[in-house]
Protein chains: 2
Amino acid sequence: MYKVLRKHLERVIEISDQEFDEFCSLLVLRKLRRKELLIRPGDRVTSEFYVISGCLQAFHTSENGDQSILQFGIEDWWVSDFEAFFNDTPARLSVSCIEDSTVLELNKEMLEELYKRIPKFERFFRIKLTKAFVALYSRIQNGLEKNSTTRYLEFCETYPHIEQRVPNYKIASYLGIKPESLSRIRKELAEREASINKA
Amino acid sequence: MYKVLRKHLERVIEISDQEFDEFCSLLVLRKLRRKELLIRPGDRVTSEFYVISGCLQAFHTSENGDQSILQFGIEDWWVSDFEAFFNDTPARLSVSCIEDSTVLELNKEMLEELYKRIPKFERFFRIKLTKAFVALYSRIQNGLEKNSTTRYLEFCETYPHIEQRVPNYKIASYLGIKPESLSRIRKELAEREASINKA
DNA sequence: TGAGTTCATTGACCTATGTTATCCTTTGCT
DNA sequence: AGCAAAGGATAACATAGGTCAATGAACTCA
């Protein structure tokens with residue numbers, strides 16, 4: 001079970017068995033049921049979650065009750081309300097399970113202790129952060145210059161594993177459009193494809 | 001001139017005169033003219049830029065020539081094509097001056113040398129990165145759930161100094177709408193305000 | 001000073017997306 | 001099996017924002 005995690009770390013830093021064990025000793029294994037909430041608005045967020053199996057979502061609920069999904073989390077991803085996590089402010093997002101899931105909970109304070117003992121873990125998370133930063137940057141760029149159809153197609157290309165397992169209305173929410181619009185887009189794409197196949 | 005920079009650092013970490021001098025010794029002062037380009041697509045990006053005075057923009061140019069602005073940079077901000085900077089990939093953005101500007105150029109390799117000598121600078125940039133990450137996160141959230149009028153009003157509130165000095169069509173570009181739309185939005189807001197004042 | 005450039009605004013029109021309501025299928029539960 | 005809930009599609013209509021074209025003000029610079 002922890003093999004995937006070890007690989008995950010070793011794509012960025014080299015670690016010994018002992019260092020890996022020390023890292024694992026900070027983690028709390030949690031088994032979660034579909035729809036279970038890990039973080040709700042207002043919570044103090046002291047942990048981030050590494051997904052072993054299943055699928056999570058981080059989403060914001062607006063005053064009128066609409067939800068917009070900021071992040072999906074499947075196997076090998078980290079999920080949290082990172083604004084609250086980094087800034088020690090009350091959560092503005094919710095994090096919940098789309099499927100039954102198994103996650104490893106990593107406490108922030110324990111992590112900072114670990115940074116002092118084994119600095120290479122600080123390096124690991126700094127590099128993860130730059131990657132996440134760049135990913136957000138290009139998501140903003142997509143939002144600025146691409147239409148919904150293109151954004152949907154690129155989402156399917158970039159995250160085929162997510163597209164296949166989460167309902168369309170959640171994808172719509174992530175893309176910033178309504179489910180009805182996504183439905184229209186998918187119909188349009190299917191028709192396009194059909195007419196190509198006929199020709 | 002470097003006083004502002006020192007304050008900028010000291011909002012996050014404490015540093016001695018000597019440490020500050022060592023940091024400054026890495027920096028190259030550059031005076032730039034309006035419209036001058038610091039980074040163009042395809043460049044290798046080895047530096048980030050701290051703005052002493054003036055105003056920069058980081059923008060993407062799409063195939064059909066449309067530009068979308070990802071970031072403005074005024075006094076006390078860092079600007080670059082961060083994707084290229086962090087990943088050592090060719091620049092996809094351009095960075096140019098909206099006004100005559102003075103910047104301090106910080107070379108990535110020299111910075112990494114400095115990290116080894118004085119680790120607290122690594123801490124400084126890691127914290128700056130978390131702040132930037134959170135800012136991008138909330139920009140995405142705004143894009144998902146707010147209409148253009150709201151986004152414009154919040155932009156004016158959040159960045160009054162930018163709103164006052166860059167042309168409206170650049171603000172429109174940053175917000176992901178066309179200048180004509182922003183013009184209509186501004187008209188609508190002015191009318192609303194007028195009718196409130198009359199009442 | 002005068003011509004060119006940049007920028008903002010406006011109007012007419014068009015298109016993509018949102019809204020509301022309804023219907024149908026699938027899935028899950030007991 | 002039978003019912004409820006979830007998910008998806010669709011249609012009619014409304015609206016925000018994009019497109020295109022024209023105008024004029026303000027600024028720049030030779």
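Within every chain, numbering begins at 1; the chains are lettered A, B, ... in the order of the sequence lines, protein sequences first and strands thereafter. Not measured: the values here are computed from a predicted model.
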Within the 4.0 Å heavy-atom criterion, would you say Lys35(A) contacts the bases, only the backbone, or no part of the nucleic acid?
sugar-phosphate

Answer with yes or no after comparing the ring centroid distance for Phe133(A) and Tyr137(A) against a 6.0 Å cut-off, counting only values under it.
yes

Between dG18(D), dT6(C), dT10(C), which one does the side chain of Ser183(B) approach most closely?
dT10(C)

Does a side-chain N or O from Asn168(A) land closer than 4.0 Å to OP1 or OP2 of dG7(D), or not?
no

Just one of Arg34(A), Lys35(A), Lys170(A), Arg165(A) clears the salt bridge (charged side-chain N to carboxylate O under 4.0 Å, His left out) bar with Glu99(A), so which one?
Arg165(A)

Which one, dG18(C), dA9(D), dT10(C), comes nearest to the side chain of Lys187(B)?
dT10(C)

Heavy atoms from C-beta onward define the side chain here; which of dT17(C), dG8(D), dG18(D) lies closest to that of Lys178(B)?
dG18(D)

Of the nucleotides dT9(C), dT17(C), dG18(D), which has the atom closest to the Arg186(B) side chain?
dT9(C)

Rounded off to whole Å, could you give me the OH-to-P distance for the Tyr169(A) and dA5(D) pair?
15 Å

From CD of Glu180(A) over to P of dA9(D), roughly how many Å is that when rounded to an integer?
11 Å

Aromatic contact between Phe72(B) and His161(B), with the criterion being ring centroids under 6.0 Å apart: yes or no?
no

Among dT10(C), dG18(D), dT10(D), find the nucleotide with the atom closest to the side chain of Ser181(B).
dG18(D)

Length of the CD1-C1' vector between Ile98(A) and dA6(D), whole Å
14 Å

Whole-Å distance separating the NZ atom of Lys146(A) from the C1' atom of dA16(C)
19 Å

Taking only side-chain nitrogens and oxygens of Ser148(A), does any of them come within less than 4.0 Å of OP1 or OP2 of dA16(C)?
no

Ile185(A) atom CD1 is separated from dT10(D) atom P, nearest whole Å, by 14 Å

Determine whether the side chains of Glu145(B) and Ser68(A) contain a donor N or O and an acceptor N or O closer than 3.5 Å.
yes

Ranking dG18(C), dG18(D), dC7(C) by distance to the side chain of Pro167(B), first place goes to dC7(C)

When rounded to whole Å, the CG to C1' distance for the pair Leu182(A) and dT10(D) reads 14 Å

Separation of dC14(C) P from Asn147(A) CG (nearest whole Å):
20 Å

Identify, with sequence neighbours excluded, every residue that meets ring-ring contact (aromatic ring centres under 6.0 Å, His included) alongside Phe59(B).
none

Please report, rounded to the nearest Å, how far the P atom of dG7(D) is from the CD atom of Gln67(A).
11 Å

Donor/acceptor link under 3.5 angstrom from Arg34(A) side chain onto base of dG28(C)
no

Looking only at N and O atoms, is any donor in the side chain of Arg184(A) or the base of dG8(D) less than 3.5 Å from an acceptor on the other one?
no

